[in-house]
Amino acid sequence: MTPLLELQDLGVTYRTAGGEVEAVRGVDLALEPGETVGIAGESGSGKSTVVASVLRLLPKSAKVTGRVLLDGEDVGAMRWGRLRAARWSEASVVFQGAMHALNPVRRVGKQIAEPLRLHTGASAAEAEARVHELLAQVDLSAAKAKAYPHELSGGQKQRVMIAMALACAPQLVIADEPTTALDVIVQAQVLDLLGRLVEERGIGLVFITHDLSVLAATCSRIAVMYQGLIVETGNAKEVITAPRHEHTKALAAAFPEVGDPVSRYAPATAEPLPEEGERDPQSPVLLSARELRVHFRDRAGSAVAAVGGVDLDVRRDEIVALVGQSGSGKTTLARTLLGLQKPTAGGVYYDGGPVPTSASGLRDYRRRVQLVLQDPNSALNPRHTVYESVAEGPRIHGLDADEPGTVVAALEAAELRPAEQYLTRLPHELSGGQRQRVVIAGALALNPSVLVADEPVASLDASVRGEILGLLLRLRRQLGLAGLVITHDLGLAWNIADRVAVMYRGELVEVGPVEQVLLEPRHDYTRALLAAMPSPEPDDVWPAG
Amino acid sequence: MTTSPTEQHAADPDERRSGTSTVRYVAGKVGGALVSLVFVVALGFFLFRMIPGDPLVTMTRERPTGPEQLAHLRERLGLDQPVWQQFLDYVGGLVQGDFGTSYMHRRPVAEMIAERVAPTLLLVGTATVLAVLLGLWLGVRAAWRRGGMFDRTQTGIALALWSMPQFWLGLLLLIATQGVFPSRGMTSVDPPDGFALQALDVGWHLTLPCLTLLLVIYAQYMLVMRSSLLEEMGADYLRTARAKGLRDDLVRRRHAVPNALLPTMTLIFLQFGMVVSGTVTVEAVFSWPGLGLLTYESLRGPDLPVLQGVFVILAGSVIVMNLVADLLYRVVDPRVRAS
Amino acid sequence: MSAPVWARRRAAAVQAWREFRTNTGGLLGAAFIALLVVFSLLAPLLIDQDGLNVVTATGSPLEPPSGAYWLGTDESGRSVLLLTLWGARVSLLVGFAATLLSVVVGTLVGVVSAHFGGWISAVLMRITDFFLVLPALVLAAVLMAVLPKSMWTVIMAIGVTSWPTTARLVRAQTLSVESRPYIERSKALGGGHTHIIGKHVLPSVLPLVFANTTLVVGGSIIAESTLAFLGMSGPEISWGSMLDRANQSGAVTAGAWWYLLPPGVAIVLVVLSFTLVGRALETVLNPRLKGDR
């Protein structure tokens with residue numbers, strides 16, 4: 001049997017101003033009909049370049065070596081007309097970021113129908129009927145055909161992309177990070193949908209993602225890419241349970257299993273964690289919210305409760321994980337705790353007293369409670385050196401006694417060693433993990449007692465994730481620094497947190513010790529979140545073919 | 001499979017919102033335009049009270065006038081009233097279509113403006129339509145083959161035209177085509193008989209002023225269209241369209257151009273003020289009997305009541321054009337409808 | 001610690017210059033402007049001002065170009081070449097001064113309205129929009145008509161009518177900077193309004209303002225000439241007032257191209273130079289336009 005897709009010694013080189021960059025090197029891969037193959041890798045590993053080369057969608061600056069065989073036919077040797085005919089009717093793509101991959105000013109029904117009319121010559125009426133059929137297959141009502149992309153939620157847009165990919169009934173579908181921007185629950189639904197379609201129609205699926213746990217639940221074989229090379233390939237179960245390559249190990253460790261005692265208080269970090277010292281179970285409450293409410297006005301002018309009556313305590317020497325989906329109000333809660341957002345009702349208390357509202361009082365408060373943001377790429381001013389960024393806080397508060405000493409100490413505490421080597425660097429000269437450390441150092445320079453971290457590892461590569469979480473845990477154990485970590489990732493809570501607060505539609509539905517909440521959840525929503533986590537249990541793999 | 005709460009949550013507000021927000025949007029835009037119109041009317045009045053000295057001196061400076069005559073004139077023009085009374089009278093007059101009386105021609109300003117509207121509409125309308133067509137077409141071609149020969153020459157020509165004072169271009173065209181086209185007015189001194197011949201006569205006179213105006217404004221449209229298409233060209237949805245197997249020109253026609261056209265349209269309407277400014281100089285150069293020439297004449301006078309009236313009318317029409325653009329944009333761009 | 005900071009800024013400036021240098025149009029424009037500015041400053045030393053005086057001019061009216069008058073004479077017998085060279089002084093001065101006024105007002109309004117938001121922003125933007133849509137030339141001309149005619153009124157009239165574009169640009173840029181997480185981080189560190197505007201907003205907005213400024217200078221020079229053509233200018237010799245007099249004295253019907261061409265060509269060259277420099281600066285300073293454009 002001819003493989004559906006075969007990559008033979010594929011290499012892609014980009015010509016850039018700084019010389020030639022090899023994005024993909026010597027990749028060999030084959031996919032049989034009805035099979036699902038996963039390609040795992042971090043950003044920059046070359047996995048998206050592989051996708052683009054299958055349909056020859058690479059920019060002009062790319063040079064391709066080796067061969068791409070689509071059903072035995074060399075894509076590189078196709079004439080333009082043949083290539084256009086093959087695109088979408090033989091292989092289609094579910095692109096990364098459905099928001100941008102759909103034309104914003106055309107109705108989605110039209111966009112789904114477009115390849116149909118082009119490749120099958122269907123009449124307008126036939127195409128419309130087929131669009132409704134496709135929408136039904138991805139669990140969307142026919143009425144959604146009239147919607148524009150911005151009128152749909154993230155999950156719905158992703159379903160539209162999938163419906164579009166299936167339009168011409170191709171034998172091969174390539175899904176490029178199809179669930180990345182989605183919430184856990186929606187992600188589970190999309191994965192379920194893809195799995196069902198593969199099973200029912202026997203199509204070949206190439207699944208590309210940075211999240212190994214997603215592949216575990218979907219693929220029969222996995223190839224791990226790193227710096228343009230495939231470093232490990234094999235049976236999905238074997239790759240995940242017994243990774244051989246260092247990089248695969250790092251990827252696998254980044255998605256711990258909730259309930260696995262090995263990963264409790266043990267994020268994947270190369271440096272050993274300090275021993276847990278004596279802990280006072282009744283250590284004083286530092287930061288708390290009482291009956292906190294924040295209301296916004298929506299476009300129609302009616303009030304929407306982003307935070308609706310929240311009580312929460314953060315004690316000295318403990319890490320609390322605030323867990324919820326996007327839109328649950330967790331970021332608004334964090335901003336309100338920091339005094340960046342005015343509460344509608346209720347109050348925030350620090351060390352027993354209400355947080356002041358005057359400008360100078362608020363400034364003093366902010367020395368005590370510091371913020372770490374999600375995306376370190378944009379959390380640092382691109383024009384400021386590491387030194388300036390870390391010194392910003394002390395300068396604002398007029399702490400000019402030995403500024404260089406403070407900065408170096410903060411960088412050392414954030415494990416950027418030797419600190420002197422980083423002082424004059426600009427953010428773009430640092431890696432994502434290093435940038436996040438600079439952000440943390442900037443907070444530590446003020447010697448705070450609470451760190452509020454909003455999705456601190458969500459936009460970092462998997463291999464860096466464990467290191468940053470390890471740092472947060474180390475800071476608590478060594479300095480007694482309290483942490484409120486906002487996340488959508490239950491694995492993170494399992495890795496480092498002491499207590500967990502689950503937020504749903506502006507309210508805390510369940511608060512308690514990590515083991516209790518995650519292992520014996522009481523609220524339905526917590527159970528739904530836990531159920532939606534892609535399980536690395538190999539029995540859950542879809543039957544192939 | 002169960003539908004998650006988030007999914008419903010996200011879908012809900014979209015359906016609820018659309019009805020009420022249309023009213024709010026339209027009301028907001030119309031309200032804004034009304035405020036601007038009130039500003040213009042007030043500005044029209046108070047600007048002309050800034051004149052150092054007595055308007056009567058400016059008005060009568062070429063003719064010796066006796067004190068009784070002056071007093072009479074003052075009373076007739078209402079200049080003996082307190083300022084607020086004058087303002088109320090002025091606003092009351094505007095509402096009834098009374099723009100005052102010309103100092104120089106002793107005729108109602110409204111009448112003088114009314115007879116100048118049609119020629120200006122003819123000139124501006126023709127030039128704008130041609131400029132939009134030419135500018136958009138050239139802009140699309142230049143952007144699609146960015147950096148090529150066509151792009152470089154066309155962008156160069158557009159930049160050169162953009163760097164030119166409009167009246168100078170008009171004067172150059174006049175000198176260059178001396179005698180080929182009529183140099184002044186809208187009709188011959190002795191217009192021919194019959195509608196067709198008369199229309200031809202007007203067209204003959206229209207050629208040069210229209211060409212001048214066209215050359216200056218198409219350049220802007222072209223540059224705007226070019227850059228907004230370039231902006232779209234990196235968009236992900238174009239890659240999706242290519243992946244679907246669409247031919248290159250279909251990708252451009254069906255996906256890229258319609259998207260790029262939307263911001264271009266707003267800019268075209270926003271720059272209507274520029275077109276109006278262009279009209280003043282072009283009409284002045286070619287003595288085209290429109291509102292621009294009237295502005296020019298009243299500036300040269302200065303004939304302040306006429307200038308005041310023309311200012312209010314021109315500024316008002318620009319505000320109305322912008323309102324139309326805002327409302328149209330909402331109809332055309334589905335994204336604006338929701339946000 | 002300030003030594004490395006300055007070293008880095010110098011390195012950034014050198015880098016920007018290196019990129020600017022690759023843009024031929026921008027480089028030519030910059031060279032031409034520099035030359036013209038130096039010449040305008042030195043003009044009183046180089047030019048015999050008797051030749052500019054109607055009374056002491058030696059030529060006969062509207063003489064075509066000859067060995068004595070390379071670009072012919074005007075209606076009063078003055079050398080057109082001399083007038084054009086001298087006119088650069090007023091045209092450039094008006095261009096620069098009006099731009100300064102417009103950019104200062106525009107930047108202030110833009111930053112303040114974007115940073116503070118709320119009703120301040122609503123009021124400022126209402127006013128900006130109002131001035132943005134008004135036909136600028138007509139408003140400037142009306143201002144000139146009711147105020148005493150002088151070069152300073154011209155500067156004021158152009159400045160007052162051209163700031164809204166800058167305000168819009170600065171506001172958009174400020175909003176985009178302020179939506180970045182590093183501003184949120186700075187607020188969480190305790191930074192107040194002055195800190196955020198001074199340390200984060202202005203440093204990233206000003207380069208773009210600078211690029212925009214060069215475009216505004218070109219626009220102001222055109223506006224000066226257009227106002228002069230409408231009879232709204234001071235008594236000084238500028239390219240605009242030369243064109244106005246040429247038109248008024250019947251140079252067009254007399255076919256006196258030598259009187260019309262030089263000031264107009266001078267305007268086009270200067271404005272084109274500023275435009276090319278502005279576009280080149282934009283590509284160098286605006287990261288979004290960088291790369292494949």
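Naming convention: chains lettered A, B, ... in sequence-line order (proteins, then strands); numbering from 1 in each chain.
- Among all heavy-atom pairs drawn from C:F229 and B:A284, the shortest one is CE2-CB, 4.2 Å.
- Of all non-hydrogen atoms in B:P165 and C:I222, the two that sit nearest each other are CA-CG2, 4.2 Å.
- Note that CD of B:E297 is 12.0 Å distant from CG of C:L230, once rounded to the nearest 0.5 Å.
- Enclosure of atom CZ in B:R145 is not indicated, since only 12 or fewer non-hydrogen atoms of other residues, nucleotides or ligands lie within 6.0 angstrom.
- Contacts between C:A141 and chain B at a heavy-atom distance below 4.5 Å involve backbone atoms as well as side-chain atoms.
- In terms of heavy-atom pairs under 4.5 angstrom with chain C, the leader among B:I175, B:L172, B:L174, B:V285 is B:I175.
- Residues satisfying the side chain to side chain donor-acceptor pair (under 3.5 Å) criterion with B:S163, sequence neighbours excluded, are absent altogether.
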From CA spacing to verdict: side-chain contact (heavy atoms from CB on, under 4.5 Å), C:L272, B:M164: CA-CA 9 Å; C:L272 196 59; B:M164 238 173 244; over 6 Å; no
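- Ion pairing between a basic and an acidic side chain is recognised when a charged N comes within 4.0 Å of a carboxylate O; C:D244 and B:R300 show such pairing.
- Considering only heavy-atom pairs separated by less than 4.5 Å from chain B, the leading option among C:I221, C:L132, C:L243, C:I127 is C:L243.
- Interface residue C:M232: only side-chain heavy atoms are found under 4.5 Å from chain B.
- Each of B:G147, B:G156, B:A176, B:A315 has some count of heavy-atom pairs under 4.5 Å with chain C, and the biggest count is that of B:A315.
- C:T275 touches chain B through its side chain: at least one heavy atom from C-beta onward sits under 4.5 Å away, while N, CA, C and O do not.
- Counting heavy-atom pairs closer than 4.5 Å to chain C, the top residue among B:T295, B:V35, B:L299, B:V276 is B:L299.
- The main-chain N or O of C:L260 is found under 3.5 Å from a side-chain atom of B:W168 such that the two form a donor-acceptor pair.
- Side-chain contact between C:V142 and B:L307 is present, with heavy atoms from C-beta onward closer than 4.5 Å.
- Of the inter-residue distances, the one linking B:L314 atom CG with C:L134 atom CG reads 10.5 Å to the nearest 0.5 angstrom.
- Residues of residues 36-44 of chain B having a heavy atom under 4.5 Å from any heavy atom of chain C, listed by number: B:S36, B:F39, B:V40, B:L43.
- Using a 4.5 Å cut-off on side-chain heavy atoms (C-beta onward), C:P135 and B:F272 make no contact.
- Nearest heavy atom pair, residue C:V146 against residue B:L47, reads CG2-O, 3.8 Å.
- For C:R89, there are no salt bridge (charged side-chain N to carboxylate O under 4.0 Å, His left out) partners two or more places apart in sequence or in a different chain.
- Proximity to chain C (any heavy atom under 4.5 Å) is shown, for B:T279, by neither the backbone nor the side chain.
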Set out, in order, the CA-CA distance, both residues' side-chain angles and the distance that settles side-chain contact (heavy atoms from CB on, under 4.5 Å) for B:V310 and C:V138, then state yes or no. CA-CA 9 Å; B:V310 173; C:V138 179; 5.7 Å; no
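- Using a 4.5 Å heavy-atom cut-off against chain B, the contacting residues of residues 262-270 of chain C are C:G264, C:V265, C:I267, C:V268.
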